[in-house]
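Have a look at the structure below, then the notes.
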Amino acid sequence: MTDKSTSQTLRRGLMVLDHFHGNDIEYSVKELTNKLNISSTVMFRLVNTLVESGYLTKNISTGKYRLGLNAYKLGLYANPNLKLQQVARPFLEKIAQLTRETVSLNVVDPLTLEGVCIVSIESSNDIKFSSPVGLSRPVYRGASRKVLLAFMEPFQQEQVFQRAISEGFTNINELKKDLENIRMQGFAYTEGEVYEGALNVSAPVLSNDGLILAGVSIHSPVFRKEEDTVTSFSNYVIEAAKHIGNAMERNIPR
């Protein structure tokens with residue numbers, strides 16, 4: 001039985017949009033009619049309305065429809081990491097200038113619970129370690145991911161531990177000690193844990209409630225490590241993480 005407090009027309013319009021998963025996806029009115037089992041007359045009105053409002057656009061060369069600019073903008077507005085990227089970039093750029101090393105911002109994917117890079121500023125050095133935007137890796141290896149795991153909710157940590165075990169990772173007790181140390185010192189540091197010859201120092205971006213928002217990381221070859229490298233890198237990422245967290249709190253509507 002249909003809920004009378006909802007709009008069937010709006011529901012159908014959203015069903016149409018749900019079929020456009022990707023920039024290159026195109027459908028004709030007939031194809032949409034067949035997919036959704038909606039009459040061609042109703043589908044024609046739905047598509048025309050979506051085109052008029054900018055959520056679909058017609059490809060003149062094919063006569064088919066694809067997502068319009070307003071659908072793209074709506075997706076950006078819904079992106080929870082967009083503000084984080086905008087707020088963090090100036091602080092990351094400052095670290096990159098000071099260290100001449102690759103600097104990245106990583107977040108936890110809420111579905112996979114993996115660490116995902118959402119901002120990366122590459123080193124100007126010829127020899128460097130990169131962290132491409134979109135790179136997704138397990139959070140139980142490497143400082144840039146471990147710093148996320150250290151401040152995740154306990155039930156999420158347990159899910160990660162179980163997944164790690166299923167993937168053949170056996171040092172769970174050692175991992176838990178590492179996470180406790182990260183929480184105590186306020187940053188994570190690893191050498192060669194993911195890539196041989198790579199040094200990584202990371203600090204957590206936390207909300208006022210102590211929730212993990214992101215991790216700020218510096219990536220460097222070990223051969224450029226000096227006596228004060230870890231200390232200076234940790235100071236840079238901790239300071240930047242605090243500034244980013246405070247700026248994000250100011251941007252959260254109350």
Side-chain angles (χ1 to χ4, degrees), residues 72 74-96 101-123 129-164 167 175 178-179 182-183 185-190 193-195 198 200-220 233-234 236-253:
Y72 173 73
L74 188 63
L76 288 179
Y77 298 149
N79 180 1
N81 293 324
L82 182 61
K83 176 59 68 176
L84 187 55
Q85 292 168 318
Q86 294 171 338
V87 167
R89 183 167 286 277
F91 300 103
L92 304 185
E93 290 175 345
K94 181 180 179 180
I95 297 176
E101 300 293 357
T102 297
V103 184
S104 70
L105 187 75
N106 302 277
V107 299
V108 178
D109 185 317
L111 296 179
T112 66
L113 295 183
E114 291 196 339
V116 182
C117 178
I118 62 171
V119 180
S120 180
I121 300 173
E122 290 229 343
S123 168
F129 279 96
S130 299
S131 180
V133 171
L135 180 68
S136 179
R137 291 195 180 280
V139 290
Y140 55 86
R141 295 184 67 223
S144 63
R145 268 58 177 184
K146 277 184 176 180
V147 79
L148 301 174
L149 178 58
F151 293 90
M152 287 167 62
E153 294 291 324
F155 75 93
Q156 293 178 316
Q157 291 179 338
E158 190 56 38
Q159 288 178 344
V160 172
F161 297 152
Q162 293 304 316
R163 182 178 302 172
E167 293 172 353
L175 174 61
D178 287 344
L179 299 179
I182 292 170
R183 288 190 290 269
Q185 65 189 10
F187 71 94
Y189 165 61
T190 55
E193 193 164 280
V194 178
Y195 298 111
N200 186 211
V201 181
S202 306
V205 179
L206 302 174
S207 69
N208 284 344
D209 299 326
L211 299 176
I212 185 70
L213 301 178
V216 178
S217 301
I218 301 175
H219 311 260
S220 169
F233 280 12
S234 63
Y236 290 146
V237 293
I238 289 172
E239 182 182 10
K242 286 180 179 178
H243 285 305
I244 295 167
N246 290 337
M248 286 299 294
E249 286 294 328
R250 291 195 296 270
N251 280 278
I252 296 174

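Because the structure is predicted, anything quoted here is derived from the model rather than measured. Just so it is clear, the values below take in all heavy atoms, side chains as well, and ignore hydrogens, waters and symmetry mates.
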Tabulate below the donor-acceptor pairs under 3.5 Å that side-chain atoms of residues 107-119 make, not counting sequence neighbours, or state none.
{"from": "Asp109", "atom 1": "OD1", "to": "Leu111", "atom 2": "N", "distance (Å)": "2.8"}
{"from": "Asp109", "atom 1": "OD1", "to": "Thr112", "atom 2": "N", "distance (Å)": "3.2"}
{"from": "Thr112", "atom 1": "OG1", "to": "Glu114", "atom 2": "N", "distance (Å)": "3.2"}
{"from": "Glu114", "atom 1": "OE1", "to": "Ser136", "atom 2": "OG", "distance (Å)": "2.6"}

>> To check you understand the geometry: which heavy-atom pair defines the closest contact between Ala188 and Ile182, and what is its length?
In response: CB-CD1, 3.6 Å

> What are the two closest heavy atoms between Phe129 and Thr102, and how far apart are they?
Replying inline: O-OG1, 2.7 Å

>> Distance check, rounded to the nearest 0.5 Å: Ile95 atom CD1 versus Glu239 atom CD?
In response: 8.0 Å

>> Testing the basics here: between Ala247 and Val87, what is the closest heavy-atom pair and its distance to 0.1 Å?
In response: CB-CG1, 3.4 Å

>> With rounding to the nearest 0.5 angstrom, report the CG to CZ distance, Asp178 to Arg183.
In response: 10.5 Å

>> Rounded to the nearest 0.5 Å, what separates atom CZ in Phe233 from atom CZ in Phe187?
In response: 12.0 Å

>> Can you tell me how far apart CG (Asn106) and CG (Leu135) are? Round to the nearest 0.5 Å.
In response: 8.0 Å

> Do Tyr140 and Glu167 pass the side chain to side chain donor-acceptor pair (under 3.5 Å) test, and can you show the C-alpha distance, the side-chain angles, and the key distance before you say yes or no?
Replying inline: CA-CA 11 Å; Tyr140 55 86; Glu167 293 172 353; 2.5 Å; yes

>> Between Leu206 and Leu213, does the side chain to side chain contact (heavy atoms under 4.5 Å, CB included) criterion hold? Intermediate values first, please.
In response: CA-CA 5 Å; Leu206 302 174; Leu213 301 178; over 6 Å; no

>> Can you give me the closest heavy-atom contact between Gln157 and Ala150, atom names plus distance?
In response: NE2-O, 3.4 Å

> Just by distance, do the side chain of Ser130 and the backbone of Pro132 share a donor-acceptor pair under 3.5 Å?
Replying inline: no

> How close do Ala214 and Leu105 get, heavy atom to heavy atom, and via which atoms?
Replying inline: CB-CD1, 3.8 Å

> CG of Leu149 to CG of Leu175: how many Å apart, nearest 0.5 Å?
Replying inline: 6.0 Å

> Are the side chain of Asn200 and the backbone of Gly142 linked by a donor-acceptor contact shorter than 3.5 Å?
Replying inline: no

> Going through the distances and angles, do Val216 and Val147 end up as a side chain to side chain contact (heavy atoms under 4.5 Å, CB included)?
Replying inline: CA-CA 9 Å; Val216 178; Val147 79; over 6 Å; no

>> Could you go through Arg89 and Leu92, starting from their C-alpha distance and side-chain angles, then the distance that decides it, and tell me whether this counts as side chain to side chain contact (heavy atoms under 4.5 Å, CB included)?
In response: CA-CA 5 Å; Arg89 183 167 286 277; Leu92 304 185; 5.6 Å; no

>> One pair to check against side chain to side chain donor-acceptor pair (under 3.5 Å): Ser104 and His219. What are the steps and the verdict?
In response: CA-CA 8 Å; Ser104 70; His219 311 260; 2.7 Å; yes

> Short question: side chain of Thr190, backbone of Ala143 - any donor-acceptor pair under 3.5 Å?
Replying inline: yes

> In Å, rounded to the nearest 0.5 Å, how long is the span from CD of Glu153 to CD of Glu158?
Replying inline: 13.5 Å

> Taking all atoms of both residues into account, what is the closest heavy-atom pair of Ser144 and Ser217, and its distance?
Replying inline: CB-OG, 3.1 Å

